[in-house]
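Reading through the structure tokens given below for one structure.
Atoms considered below: every heavy atom in the structure, side chains included; atoms not considered: hydrogens, waters and symmetry mates. What you see is a predicted model; the values in this text were computed from it and never measured. First listed ligand is number 1; within each ligand, the first listed atom is number 1.
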Amino acid sequence: MDVKTAIMARRSIRKYKQETVSEQIINELLEAARLAPSGTNHQPWRFIVVRDQKVKLQIQAVAFNQKFLSEAPVLLVCCADLMTYAKNTRKRLEELIDAGVMGPEAFDSYPGLDEAKDVEAVKGFIPHAMLNVALAMENIALRAVSLGLGTCIVQLMKAKKIAEILELPNNLVITALMPVGFPDQNPAPRPRVALEEIIYRTI
Ligand SMILES: Cc1cc2nc3c(=O)[nH]c(=O)nc-3n(C[C@H](O)[C@H](O)[C@H](O)COP(=O)(O)O)c2cc1C
């Protein structure tokens, strides 16, 4: 399937068949996530693969009871690991400076990062980290379409409560949930604004 076909065929799927999704398929999806681009190549995405029905129901309960979360055979909890920024920033910047992409003044933008020992020091990276995880999630969504699977990005949820349920360390920040399964519905395309509306200006 070419990229345009996958983009056009993708829908948010909220009804899934009970058919199981193999570990091999989930690994295919996570491999697509792994290959996504990320700022300074930090690759902050981390995933919790939830198959346990009890855990899915607990998560659903703190996600406005969106029933398809527990009906999907697999629920991905998509997170950003903030500590990747503390651990890797100097190394990644050095790679970019060595490659001639930027000058050594790039270090000035990240004062004290090397000394960051805990998550408090890197909290400012949360929006950046979330953006990177979102790119990985779109890769998952499109790869899923190419494998005949459906997904839905779900952000209406209480991230802190889910982190408690999963006993996540505080360096993992939940970006969104992603149920995965074989679609049991075939929704029509949802409306989109016209191209002219999204081109704010051409200069
Ligand atoms: C950041 C984000 C958060 C979303 N959160 C939810 C959600 O909590 N529940 C839900 O059912 N759909 C959610 N969606 C799916 C959107 O409703 C859906 O993408 C939109 O209506 C367009 O439909 P389509 O994906 O089928 O093209 C979310 C999508 C995105 C990108």
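Annotation: atom 16 (C) of ligand 1 to nearest protein heavy atom, R14 NH2, 3.7 Å. Taking atom 9 (N) of ligand 1 as the reference point, the nearest protein heavy-atom neighbour is Q66 OE1, 2.7 Å. Looking from atom 29 (C) of ligand 1 to the surrounding protein, the closest heavy atom is I153 O, 3.6 Å. Atom 3 (C) of ligand 1 has as its closest protein heavy atom Q155 CB, 3.6 Å. When only non-hydrogen protein atoms are considered, atom 25 (O) of ligand 1 lies nearest to S12 OG, 2.6 Å.
Put simply, the side chain of R92 gets close to the backbone of N41: a donor and an acceptor are under 3.5 Å apart. Looking at R51, its side chain does come within 3.5 Å of a backbone N or O of V21 through a donor-acceptor pair. A donor-acceptor contact shorter than 3.5 Å is absent between the side chain of S70 and the backbone of L57.
Looking at M157 against ligand 1, nothing comes within 4.0 Å, counting heavy atoms. The proximity of F68 to ligand 1, defined as any non-hydrogen pair under 4.0 Å, is limited to the side chain.
Using bins of under 30°, 30° to 60° and over 60° for the plane-to-plane angle, the ring pair Y85/H128 lands in the perpendicular bin.
With R190, R192, R11 as candidates, the residue nearest to atom 27 (O) of ligand 1 on a non-hydrogen basis is R192.
With L172 as reference, D81 is the one residue of V119, L166, D81, L82 to meet the side-chain contact (heavy atoms from CB on, under 4.5 Å) rule.
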